[in-house]
Amino acid sequence: MAVTAAEREQLKTIMSKGKHTSQQFRNACILLNCDAGKYGQPFSNEQIAQMLQITTKTVERVKQRFVEDGFDACIERKPYPEVKELKADGDFEAHLIALSCSKAPEGRSRWSLRLLADKMVELKYAESVSHETVRQILKKTKLNRGK
């Protein structure tokens, strides 16, 4: 793995100025120490991990990200995936609560989260719903007693 002269200067700037996150500093240090180009003297993953008091897996991930995604992606923080909106609205929640308070299906002593999710789909209140969504709604309304 080799960084260009311009990238090397940028890494040195990150290391010398205090306006960067600890992750950027750590990644810059990793890249500088594993540079196998004409400007670098590469250390092993184990040596870098020991110097920075991190795991070798962290060093490997930074190097892999540099090779696969490029220099900028390696220095900047990974974007978080977008949080999906719950499929439940007030009408859905009302029907779910009413269903959970009703008598359990024949052969069952009580409703399970999966049974409730399946029944809500069967009754066409949603195209699909996970048991986790059901759990979150019931927890929010304090109907899930942890049983």
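Along the sequence shown, residues carry numbers from 1.
Legend: residues meeting side-chain contact (heavy atoms from CB on, under 4.5 Å) with Ser112, ordered by chain and number and at least two apart, are Arg114, Leu115. With sequence neighbours excluded, no residue forms a side-chain contact (heavy atoms from CB on, under 4.5 Å) with Ala94. Every residue meeting the side-chain hydrogen bond (donor to acceptor under 3.5 Å, both in side chains) condition with Asp91, not counting sequence neighbours, appears here in chain and number order: His95. Here Glu46 pairs with nothing under the salt bridge (Lys or Arg N to Asp or Glu O under 4.0 Å) rule; sequence neighbours left out. Considering only residues two or more places apart in sequence or on other chains, Glu132 meets the side-chain hydrogen bond (donor to acceptor under 3.5 Å, both in side chains) condition with Arg135, Gln136. With sequence neighbours excluded, the residues satisfying side-chain contact (heavy atoms from CB on, under 4.5 Å) with Lys57 are Thr55, Glu60, Arg61. Annotation: side-chain contact (heavy atoms from CB on, under 4.5 Å) contacts of Leu123 (sequence neighbours excluded): Lys119, Tyr125. Checked against side-chain hydrogen bond (donor to acceptor under 3.5 Å, both in side chains), Gln50 has no partners two or more places apart in sequence or in another chain. Listed by chain and residue number, Lys63 satisfy the side-chain hydrogen bond (donor to acceptor under 3.5 Å, both in side chains) test with Asn45 (two or more places apart in sequence, or in another chain).
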Report task. Could you give me the CA-CA distance, side-chain angles and deciding distance for Lys140 and Glu93, then say whether side chain to side chain contact (heavy atoms under 4.5 Å, CB included) is met? Result -> CA-CA 10 Å; Lys140 182 171 76 173; Glu93 289 181 13; 2.9 Å; yes

Tell me, with the steps shown, if Val134 and Met120 meet side chain to side chain contact (heavy atoms under 4.5 Å, CB included). CA-CA 10 Å; Val134 170; Met120 292 298 285; 5.5 Å; no

Set out, in order, the CA-CA distance, both residues' side-chain angles and the distance that settles side chain to side chain contact (heavy atoms under 4.5 Å, CB included) for Ile48 and Cys34, then state yes or no. CA-CA 8 Å; Ile48 296 170; Cys34 65; 3.6 Å; yes

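The side-chain heavy atoms of Ile75 and Leu31, taken from C-beta on, include a pair separated by under 4.5 Å. The shortest distance between side-chain heavy atoms of Asp118 and His131 does not fall below 4.5 Å. At least one side-chain heavy atom of Leu52 sits less than 4.5 Å from a side-chain heavy atom of Cys29. Between Gln24 and Arg77, every side-chain heavy-atom pair lies at or beyond the 4.5 Å cut-off. You'll find the side chain of Pro42 stays beyond 4.5 Å of the side chain of Asn33, heavy atoms only. The side-chain heavy atoms of Leu116 and Leu138, taken from C-beta on, include a pair separated by under 4.5 Å. Using a 4.5 Å heavy-atom threshold, the side chains of Leu32 and Arg8 count as touching. Two residues are said to be in side-chain contact when any heavy atoms from C-beta on lie closer than 4.5 Å; Ile30 and Phe66 fail this criterion.
Distance check, rounded to the nearest 0.5 Å: CD of Glu7 to CG of Asp72 gives 8.0 Å. For the atom pair CD1 of Ile97 and OG1 of Thr141, the computed distance is 4.0 Å after rounding to the nearest 0.5 Å.
Listed by first and then second residue, the ring pair (Phe, Tyr, Trp, His ring centres under 6.0 Å) pairs that reach into residues 41-64 come to none, sequence neighbours excluded.
Thr133 contributes no side-chain N or O that, together with a main-chain N or O of Val129, makes up a donor-acceptor pair within less than 3.5 Å. Judged by distance alone, with hydrogens and angles left aside, the side-chain atoms of Arg65 form no donor-acceptor pair with the main-chain N or O of Gly70 at under 3.5 Å. A donor-acceptor pair under 3.5 Å is absent between the side-chain atoms of Trp111 and the main chain of Pro105, judged by distance alone. Remark: the backbone N or O of Glu9 is paired with a side-chain donor or acceptor of Thr13 at under 3.5 angstrom. Remark: side-chain polar atoms of Gln47 are paired, donor with acceptor, to backbone N or O of Ser44 under 3.5 angstrom.
Closest heavy-atom contact between Val121 and Ser128: CG2-CA, 3.8 Å. For the pair Ala126 and Phe92, the tightest heavy-atom approach, listed with the atom from each and the gap, is CB-CE1, 3.8 Å.
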